[in-house]
Amino acid sequence: MLRILISILLCSHFLTTSFSQAKKESRAISALKTLDSLSNDEYTFEGKLARISELINISLYNSKSDSSILSSNIAHACYLLRIGEFEKSINKIDSLIVVFKDKGHTPVTQIESTLYYLASSGIGVKQEIQFLIKMIELWDVTQNQAMSAYTYQKIGYLFRNQRLYRKAIEYFDKSRSIAKRNNRPYIEQWSTHYIGSTYRRMGNADSALVWNKRSLDLALNLENCRVIGTPLNELGKVYYSLGEYRIALEYHLQSLKEKQKVNEVDWGLSWASVEIARDYLALDILDSAKHYASLTEQYCASTGYFTKENEKLKYVQYLISEKEGKEVEALNYYKEFHLIQDSLNNSENAQDLTQNLADFEFEKEKKLLAEIQKNKDELNRQERKQQEQRTFYLILVLLITFSFGVFLFFRFKKEKQQKITISDQKLRLEEAHNEVQDSINYAKRIQSAILPPPKLVKQYLEESFIFYRPKDIVAGDFYWMETTQRNGKDIVMYAAADCTGHGVPGAMVSVVCSNAMNRAIKEFEINDPGKLLDKVVELVTESFEKSEDLVKDGMDIALCAIDIESRTLWYAGAHNPLYRVTNSTTATSEDAKIIEEGERKLVEYKADKQPVGAFEHMKAFTTTEIKLEEGDVIYTSSDGFPDQFGGEKGKKYKYGAFKKFLLSIENEPIDQQKDLLNAEFERWKGDLEQVDDVCIIGMRV
């Protein structure tokens, strides 16, 4: 009901501003009078919204100035949001940004208010992120540093709620730095507080103490400060985590005193009182713990919604009842604690947050690259134009009188200034290029984090190598490894995967696919390669279904599960086969395609002819069980090596040559095989460009 009232009042404010610009016109005055009549009970909420829509149309018809047009359109955007037309509301704000940017001035106060209202109205994580991104675009136009600092703080808060603490600290620090540079002490104090509380949640008590003490100093220096109790409360939490319960109690009692001093609302008072109850419980002073638990319950009840403090309260009450031997009461409190905990844990969607921000950063990079290319084209055009001018002036010097030489002198002076301008533009372009390069290098570090380190691979697959050569800084190919159990025995699962594309797009798909594989083995406890790929198809398709456009991205993969002790290997593949070099007589051409060379032979186990991703005729993946012998060598790879162009005629290497080369080196020491593969790849590629990412995994039994 409160949100409905805010919506109607906000629309009323903007319409009144619009009508004041045209109050000499009778229709606008009539609309304003009609708006006043909406306060009675004659209209339902739906009726009021319909009436507001009519008033908006009247205001738009009578608007004359930029200010009144802006006010009316913002009111219209609010109205569209309240009736569920989310996309139309976004488009309305977009059009306002474009219109007032082109006019060279922007009365942004009302836009700021509207975006703040929309982004704080509980419309959902995905929509809230889109509005925060829209706010960043707006501050780029208006150079509003204060609101920019607030927006970064808001993004950091969302990251913290998803337990992405490092990323949260990065955005809180951006907010703090901007606020400090622009003399916004209130925003600076809150960002500093959030950094301290995030470090506490990470378990870094030393950093938490440093930042929370800074937050307290900033709060004490603010005029008419009402937030001193917040850093005091946070310092108490840090000392509680260190086991210093009496120090924690002192800070929490002081925090409650400060909050009571400024008549803070009940949900603010509950922050301190529940911590005091917890401190007394840790000190085994039950009477005081019960008193402050009861006080917290009163505060939480008055708020009308579940809070983190209510969760802590139920757990404290559970522990008190348990100590007093009240088993039934303790059980009830414990059930309430878990009910609230589940509600809080399910309130956010981390994937929406990270995916939307990743899309936003990627779009910014695309726009920046397009702007760089546009500036380069403009520079080339200016240089050609200058060359034409110089030629023209040289001819004029030969034909006209000395008096025109004075004109020529001033023209050359102008050209000198142009060269200085061009030089400055080139410098800015180089700086922009370096920023883009830094972003891609950072993306490489993120992608490297999903790859198992060589030391870990060697720990479980001692006789193995990984030949990994991305085409660009980041790659669509990746390798993967996890350990699990099958039939009560430890097994190692590993894979060489090739995602759609390469570079930044391929890397983004690889992160989605790698995460899906981790979920399939850890969350769904799948240890059969074929069934694991079936589940990955389901998870990847589910991730891409959130896009409004049809996304067919996925991956080709060779996935193995091996029991080292029994020398049993299970294989499933999407397009990518498995190669086994052996002298076993049990492998026949009926099982797989065989290439023989002397006593040794290469057995190729075919993959399913379908990708891991959206596919029209998708079937369940097949798992092949292979009994290995001592000395067998197993190879899995992407298609990057066979598809490489090179040689004297610039043709593809092809799979036939690739399999023969594997057969020729299988008897070499396993680490040396990696060097031989690299040398052969370089020999074949020569001076040509690498066409795709390369990933090859070799393992000797």
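- With hydrogens and angles ignored, the 3.5 Å screen pairs a side-chain donor or acceptor of Q673 with a backbone N or O of E666.
- Under a cutoff of 6.0 Å and an axis angle of 45°, K535 and F524 form a cation-pi pair.
- Between F159 and Y171, the two ring planes are parallel [angle under 30°; tilted spans 30° to 60°].
- A distance-only check finds no donor-acceptor pair linking the side chain of S514 to the backbone of S510 [under 3.5 Å].
- Between the side chain of S207 and the main chain of N204, no donor-acceptor pair closer than 3.5 Å is present.
- Looking at every heavy atom in both residues, I521 comes nearest to E482 through CD1-CB, 3.8 Å.
- Side chain of S197 to backbone of Y194: a donor-acceptor contact under 3.5 angstrom is found.
- Shown here are the side chain to side chain donor-acceptor pair (under 3.5 Å) partners of K522, two or more places apart in sequence or in another chain: there are none.
- Note that CD1 of I195 is 8.5 Å distant from OG of S175, once rounded to the nearest 0.5 Å.
- Although no hydrogens or angles enter the test, the distance criterion places a donor-acceptor pair under 3.5 Å between the side chain of D608 and the main chain of T622.
- Contact check on D563 versus R486 returns no salt bridge, with no Lys/Arg side-chain nitrogen under 4.0 Å from an Asp/Glu carboxylate oxygen.
- Donor-acceptor pairing under 3.5 Å is recorded for the side chains of N678 and R469.
- Remark: side-chain polar atoms of Q644 are paired, donor with acceptor, to backbone N or O of E689 under 3.5 angstrom.
- Counted by atom type alone, N527 and W570 present zero donor-acceptor pairs between their side chains at under 3.5 Å.
- Pairing each heavy atom of S464 with each of V457, the nearest pair is OG-CG1, 3.8 Å.
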* Verdict with supporting geometry, D477 and S638, side-chain hydrogen bond (donor to acceptor under 3.5 Å, both in side chains) -> CA-CA 7 Å; D477 282 15; S638 65; 2.7 Å; yes
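- Using a distance-only test at 3.5 Å, with no hydrogens or angles considered, no donor-acceptor pair links the side chain of D498 to the main chain of D556.
- Note: M493 CE to Y460 OH = 14.5 Å, rounded to the nearest 0.5 Å.
- Side-chain polar atoms of S191 and Q153 form a donor-acceptor pair below 3.5 angstrom.
- Shown here for N576 and Y571, the closest heavy-atom pair between the two residues is O-OH, 2.7 Å.
- Under a cutoff of 6.0 Å and an axis angle of 45°, K237 and Y240 do not form a cation-pi pair.
- Residues satisfying the side chain to side chain contact (heavy atoms under 4.5 Å, CB included) test with E462, not counting sequence neighbours, are none.
- Judged by distance alone, the side chain of T582 and the main-chain N or O of D632 form no donor-acceptor pair under 3.5 Å.
- Under the 4.0 Å criterion applied to side-chain N and carboxylate O atoms, R567 and E630 are assigned as salt-bridge partners.
- If you take CG on L662 and CD on E604, they are separated by 10.5 Å, rounding to the nearest 0.5 Å.
- Ring geometry for Y199 versus W211: interplanar angle under 30°, hence parallel rather than tilted (30 to 60°).
- Using cut-offs of 30° and 60° on the angle between ring planes, the pair F661 and F641 is parallel.
- Side-chain atoms of T623 and K531 form no donor-acceptor pair, as typed in the model, at a separation below 3.5 Å.
- Rounding to the nearest 0.5 Å gives a distance of 8.5 Å between CD of E680 and CG of L677.
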* **Residues Y165, R160; criterion side-chain hydrogen bond (donor to acceptor under 3.5 Å, both in side chains); working and verdict** => CA-CA 5 Å; Y165 297 131; R160 193 186 72 170; over 6 Å; no
